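Whatever order the structure lists them in is the order used to number ligands and atoms, beginning at 1. These figures come from a predicted structure and were not determined experimentally.
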Amino acid sequence: MKGIFITFEGPDGAGKTTQIKMLGLSLEQLNKSVVYTREPGGTSISEEIRGLLLDPRNKEMVARTEALLYAAARAQHVEEVIRPAIEKGQIVLCDRYTDSTIAYQGFGRGIDIGFLNELNAMAVAGVVPDLTLIFDLDPDIGIGRINEKRIVAAGEEKDRIEQENMEFHRKVRQGFRDLALSEPQRCKIINAGRDPETIHSEVVRLVKEVLGL
Ligand code: Z5A
């Protein structure tokens, strides 16, 4: 039996990780086999690439290098983790995927979207999400949440992407909203400014529809 592939997208601090954990618990209570993974990352090679991408010391990284590294990490992740899990019939919950490349490197950095679509297609080799949940949040609130998280984590430094200016984060948010409008069948937009339990109820409803429950 083929599994289900669900991706979680949205601007920084939108609450994706929180919602993945909540959804995973609900699915496990229904005796579903769940795989949790993230991008960039999910395999040892991809986690090494993640280190390069998010290291705040790599200030000289140009936008094309960034786009190619995200794609390289993705290609490895798809073949080592995502495709095998789907083939085993598992439910894959992935924190970020191809839409982040369009929103951050396309809308945020200004790389040609047509080129990024081709790059994504090469990286995923046919592995497309069954459902993409886009958590929509004003970047002022999202970055505020990140700042708070870092303070709680005793002064931990923000990563290279989090350190971008607010204009960049606004373009990224708009990118996700445009994506949701252009692919309404796959992408569902979720108001991430509400309390976690209310958001979780909406997530469960959307996921049950895809699972036919
Ligand atoms: N990136 C890219 O540019 N291109 C690509 O192709 C890909 C990624 C795949 C990955 O960083 C970075 O890579 C990312 C995009 C870029 N940008 N940055 N940085 P990451 O994986 O480390 O970070 P992230 O995915 O952006 O996660 P995040 O910033 O930690 O946010 P989140 O997962 O969406 O949120 P969270 O951790 O669940 O919650 C953040 C805080 O808010 C936390 O303290 C929660 O307790 C709190 N929270 C959560 N939900 C709520 C609600 N509903 N109300 C109030 N507070 C809440």
Is the contact between [X] and ligand 1 made by the side chain, the backbone, both, or neither, using heavy atoms and a 4.0 Å cut-off?
{"X": "I146", "answer": "side chain"}
{"X": "K16", "answer": "both"}
{"X": "T98", "answer": "neither"}

Shortest non-hydrogen contact from [X] to [Y]?
{"X": "T98", "Y": "E9", "value": "N-OE2, 3.9 Å"}
{"X": "A180", "Y": "I189", "value": "CB-CD1, 4.0 Å"}
{"X": "G15", "Y": "R145", "value": "N-NH1, 4.0 Å"}

Just need the protein heavy atom nearest to [atom], so name the residue and atom and give the distance.
{"atom": "atom 53 (N) of ligand 1", "answer": "R194 O, 2.9 Å"}
{"atom": "atom 44 (O) of ligand 1", "answer": "K149 CD, 3.6 Å"}
{"atom": "atom 6 (O) of ligand 1", "answer": "T101 OG1, 2.6 Å"}
{"atom": "atom 56 (N) of ligand 1", "answer": "R145 NE, 3.4 Å"}
{"atom": "atom 35 (O) of ligand 1", "answer": "G15 N, 3.1 Å"}
{"atom": "atom 8 (C) of ligand 1", "answer": "Y70 CE2, 3.3 Å"}
{"atom": "atom 12 (C) of ligand 1", "answer": "L54 CD2, 3.8 Å"}
{"atom": "atom 49 (C) of ligand 1", "answer": "T18 OG1, 3.4 Å"}

- List, by chain and number, the other hydrophobic cluster members for V62, where Ile, Leu, Val, Met, Phe, Trp and Tyr join if side-chain heavy atoms come within less than 4.5 Å, directly or indirectly.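 Noted: V62 shares its cluster with no other residue.
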Show which atoms of ligand 1 fall inside a sub-4.0 Å distance from at least one heavy-atom site of [X].
{"X": "I161", "answer": "17 (N), 18 (N), 19 (N)"}
{"X": "Q105", "answer": "2 (C), 3 (O), 4 (N), 5 (C), 6 (O)"}
{"X": "A14", "answer": "34 (O)"}

Would you check the N or O atoms of [X], main chain and side chain alike, for any that come under 3.5 Å of an N or O of ligand 1?
{"X": "D159", "result": "yes"}
{"X": "G13", "result": "yes"}
{"X": "D12", "result": "yes"}
{"X": "I199", "result": "no"}
{"X": "R74", "result": "yes"}

- Item | Reference residue E202; test side-chain hydrogen bond (donor to acceptor under 3.5 Å, both in side chains); the match among K188, Q19, R194 |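 For E202, the side-chain hydrogen bond (donor to acceptor under 3.5 Å, both in side chains) test succeeds with only one of K188, Q19, R194, which is R194.
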- Verify whether the ring centers belonging to Y97 and F5 lie closer than 6.0 Å.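 Centroid distance Y97-F5: below 6.0 Å, so yes.
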- Message: Hydrophobic clusters here meaning ILVMFWY residues chained together by side-chain heavy-atom distances under 4.5 Å, can you tell me if V124 and L179 are in one?
- Response: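 They do not share one cluster, since no chain of ILVMFWY contacts under 4.5 Å joins V124 to L179.
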- Message: Is there a continuous path of hydrophobic side-chain contacts, each under 4.5 Å between heavy atoms, that joins L53 to F107?
- Response: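 Yes; tracing contacts between hydrophobic side chains, which count when under 4.5 Å, links both residues.
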I'd like to know whether ligand 1 has [X] as a neighbour, heavy-atom separation below 4.0 Å.
{"X": "E162", "value": "yes"}
{"X": "R50", "value": "yes"}
{"X": "E148", "value": "no"}
{"X": "E66", "value": "no"}

Residues [X], [Y]: salt bridge by 4.0 Å N-O rule:
{"X": "E47", "Y": "R38", "value": "yes"}
{"X": "R109", "Y": "E164", "value": "yes"}
{"X": "D99", "Y": "R186", "value": "yes"}
{"X": "R160", "Y": "D55", "value": "no"}

- Can you list the residues that meet the side-chain contact (heavy atoms from CB on, under 4.5 Å) rule with E48, with sequence neighbours excluded?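 Partners of E48 under the side-chain contact (heavy atoms from CB on, under 4.5 Å) test: none.
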- Shortest reach to atom 14 (C) of ligand 1 by a heavy atom, considering only R96, Q163, R109: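 Nearest heavy atom to atom 14 (C) of ligand 1 lies in R96.
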- Message: Tell me whether the rings of F135 and F8 are parallel (<30°), tilted (30 to 60°) or perpendicular (>60°).
- Response: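 Taking F8 first and then F135, their aromatic rings lie parallel (interplane angle under 30°).
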